[in-house]
Amino acid sequence: MSEVVVVVVALHPDDETLGCGGALLKHKDNGDEVHWLICTEVKKNDGFSEQTVENRNYEIDKVADLYGFNSVVRLGLSTMKVDEYSVSELVSLVSKVFSDLKPTTLYLPFKGDVHSDHRYMFSALYSCTKVFRYPYVKQIYMMETLSETEFALSTKEDSFIPNVFIDISKYLSRKKEIMRIYESELGKHPFPRSERNIEALAILRGATAGCEYAESFMLLKYIK
């Protein structure tokens with residue numbers, strides 16, 4: 001069993017790739033265990049067509065295969081309706097997943113992301129990192145997710161200020177390849193979720209980190 005057990009939390013499929021796709025590929029190359037926790041899904045009961053549901057399930061299967069995730073866990077919450085669930089209900093769902101997987105490393109959405117699903121779910125996720133209940137959690141990072149994080153309020157309390165950088169120079173092309181699976185989520189520049197913008201952000205973060213391409217994160221906890 002790997003000493004490093006990673007859980008990346010995606011409120012919506014594609015968050016994992018936009019936020020830390022390169023880091024996840026690097027973890028896999030290092031022999032780490034990597035699990036994908038998908039919080040929401042599109043449902044026919046919520047007005048999505050059967051074709052949309054089928055397409056999304058295909059995308060998830062394809063993306064999971066390309067990353068080689070050790071497991072994919074789906075909470076099955078209704079997309080864009082996370083705030084309709086009680087916090088206690090969300091905490092219970094997340095707690096069970098964490099208790100089963102026992103992650104050492106968590107990649108979470110940024111607490112100030114403009115999407116209400118991200119902000120609301122973050123509270124439940126962070127509640128499941130208390131050291132006396134989840135002692136195996138040693139590292140917690142918040143991700144930078146294009147189209148969500150950069151639209152956070154520009155105040156000291158709500159701005160994404162990265163303090164951890166991961167060199168993904170070897171992995172950017174694969175990250176973009178995986179992102180292409182989400183065909184309906186990509187657009188052309190200046191749409192935020194474009195290949196050009198994904199590369200531009202990686203260049204910017206790489207320049208800060210002294211490498212060609214990087215992903216950046218905010219460190220919330222590190223226990224050594």
Side-chain angles (χ1 to χ4, degrees), residues 5-20 24 33-50 52-57 59-61 63-64 67 69-145 147-149 151-153 157-158 160 182 185 217-218 220-221 223:
V5 180
V6 176
V7 171
V8 55
V9 181
L11 262 293
H12 315 95
D14 83 357
D15 290 344
E16 78 297 327
T17 301
L18 290 168
C20 61
L24 297 177
E33 235 181 85
V34 183
H35 303 270
W36 185 16
L37 174 56
I38 305 172
C39 296
T40 68
E41 58 186 64
V42 293
K43 304 176 182 179
K44 287 189 286 185
N45 289 345
D46 291 328
F48 292 94
S49 69
E50 185 172 349
T52 297
V53 174
E54 288 180 3
N55 289 346
R56 179 48 52 86
N57 288 330
E59 291 169 350
I60 289 171
D61 290 343
V63 168
Y67 278 113
F69 288 126
N70 293 82
S71 76
V72 178
V73 181
R74 300 172 68 168
L75 295 185
L77 307 174
S78 292
T79 189
M80 297 182 291
K81 295 183 177 181
V82 174
D83 59 356
E84 295 182 8
Y85 299 85
S86 69
V87 173
S88 61
E89 184 178 3
L90 297 175
V91 168
S92 178
L93 290 170
V94 173
S95 179
K96 183 180 186 311
V97 175
F98 286 4
S99 296
D100 289 343
L101 298 178
K102 293 181 170 49
T104 62
T105 305
L106 293 174
Y107 290 98
L108 307 181
F110 174 55
K111 68 181 183 66
D113 278 351
V114 72
H115 201 304
S116 60
D117 280 358
H118 290 219
R119 294 197 310 274
Y120 194 77
M121 191 71 192
F122 177 84
S123 297
L125 291 163
Y126 199 67
S127 293
C128 294
T129 65
K130 296 175 181 176
V131 68
F132 57 88
R133 289 206 176 106
Y134 312 90
Y136 35 81
V137 176
K138 303 298 184 183
Q139 297 180 39
I140 306 172
Y141 303 95
M142 292 190 295
M143 306 180 291
E144 182 176 26
T145 308
S147 80
E148 305 297 349
T149 306
F151 290 106
L153 292 174
E157 297 79 11
D158 299 296
F160 183 85
Y182 298 111
E185 301 297 331
F217 306 88
M218 288 184 68
L220 296 182
K221 184 182 292 183
I223 301 173

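None of these values were measured; they are calculated from a predicted model.
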With sequence neighbours left out, write down each residue that passes side chain to side chain contact (heavy atoms under 4.5 Å, CB included) with Leu220, or none if nothing qualifies.
Phe122, Tyr126, Ile140, Met142
Suppose we screen for salt bridge (Lys or Arg N to Asp or Glu O under 4.0 Å). Which residues come up paired with Glu59, at least two apart in sequence or across chains?
Arg56
Show your working on side-chain contact (heavy atoms from CB on, under 4.5 Å) between Thr40 and Met121 and close with a plain yes or no.
CA-CA 10 Å; Thr40 68; Met121 191 71 192; over 6 Å; no
For Tyr136, the side-chain hydrogen bond (donor to acceptor under 3.5 Å, both in side chains) test, sequence neighbours excluded, returns none
Looking only at heavy atoms, the pair that brings Cys20 and Met143 closest together is SG-SD, 3.4 Å
Considering residues, nucleotides and ligands other than Glu50, do more than 12 of their heavy atoms fall under 6.0 Å from its CD?
no
Minimum side-chain heavy-atom gap Asn55-Val42 below 4.5 Å:
no
Please report the interatomic distance NZ(Lys221) to CD(Gln139), rounded to the nearest 0.5 Å.
11.5 Å
Under the side-chain hydrogen bond (donor to acceptor under 3.5 Å, both in side chains) rule, what pairs show up with a residue in residues 100-110, not counting sequence neighbours?
His27-Tyr107, Lys96-Asp100
For the CD1 atom of Ile38 and the CG atom of Asp14, what is their distance to the nearest 0.5 Å?
10.5 Å
If you compare all heavy atoms of Asp117 against all heavy atoms of Met80, which two are closest, and at what distance to 0.1 Å?
OD2-N, 2.7 Å
Which pair of heavy atoms, one from Ser71 and one from His35, lies closest together, and at what distance?
OG-ND1, 2.6 Å
So do the side chains of Phe110 and Glu148 get within less than 4.5 Å of each other, counting heavy atoms only?
no
Minimum-distance pair of heavy atoms, taken over all atoms of His118 and Pro109:
ND1-CB, 3.9 Å
Applying the side-chain contact (heavy atoms from CB on, under 4.5 Å) criterion to Leu125, which one of Val91, Val9, Leu90, Val7 satisfies it?
Val9
Could you measure the distance from the CD atom of Glu144 to the CG atom of Asp113? Nearest 0.5 Å is fine.
9.5 Å
Asn70 side-chain N/O to Val34 backbone N/O, donor-acceptor pair under 3.5 Å
yes
Residues in ring pair (Phe, Tyr, Trp, His ring centres under 6.0 Å) contact with Phe69, at least two apart in sequence or another chain
Trp36, Tyr67
For Thr145 and Asp15, which heavy atoms make the closest approach, and how far apart are they?
CG2-OD1, 3.7 Å
Return the minimal non-hydrogen interatomic distance between Cys128 and Ser95, and the atom names on each side.
SG-N, 3.7 Å
Find out whether Ser78 and Tyr85 are in side-chain contact, i.e. whether some heavy atom of one side chain is under 4.5 Å from a heavy atom of the other.
yes
Listed by chain and number, what are the salt bridge (Lys or Arg N to Asp or Glu O under 4.0 Å) partners of Asp46, not counting sequence neighbours?
Lys81
Could you measure the distance from the CD atom of Glu41 to the CG atom of Leu75? Nearest 0.5 Å is fine.
9.0 Å
Within this structure, what is the CG-CZ distance for the pair Leu37 and Arg74, rounded to the nearest 0.5 Å?
11.5 Å
For residues His12 and His115, determine if any side-chain heavy atom of one lies less than 4.5 Å from a side-chain heavy atom of the other.
yes
OH on Tyr120 to CD on Glu84, rounded to 0.5 Å:
10.0 Å
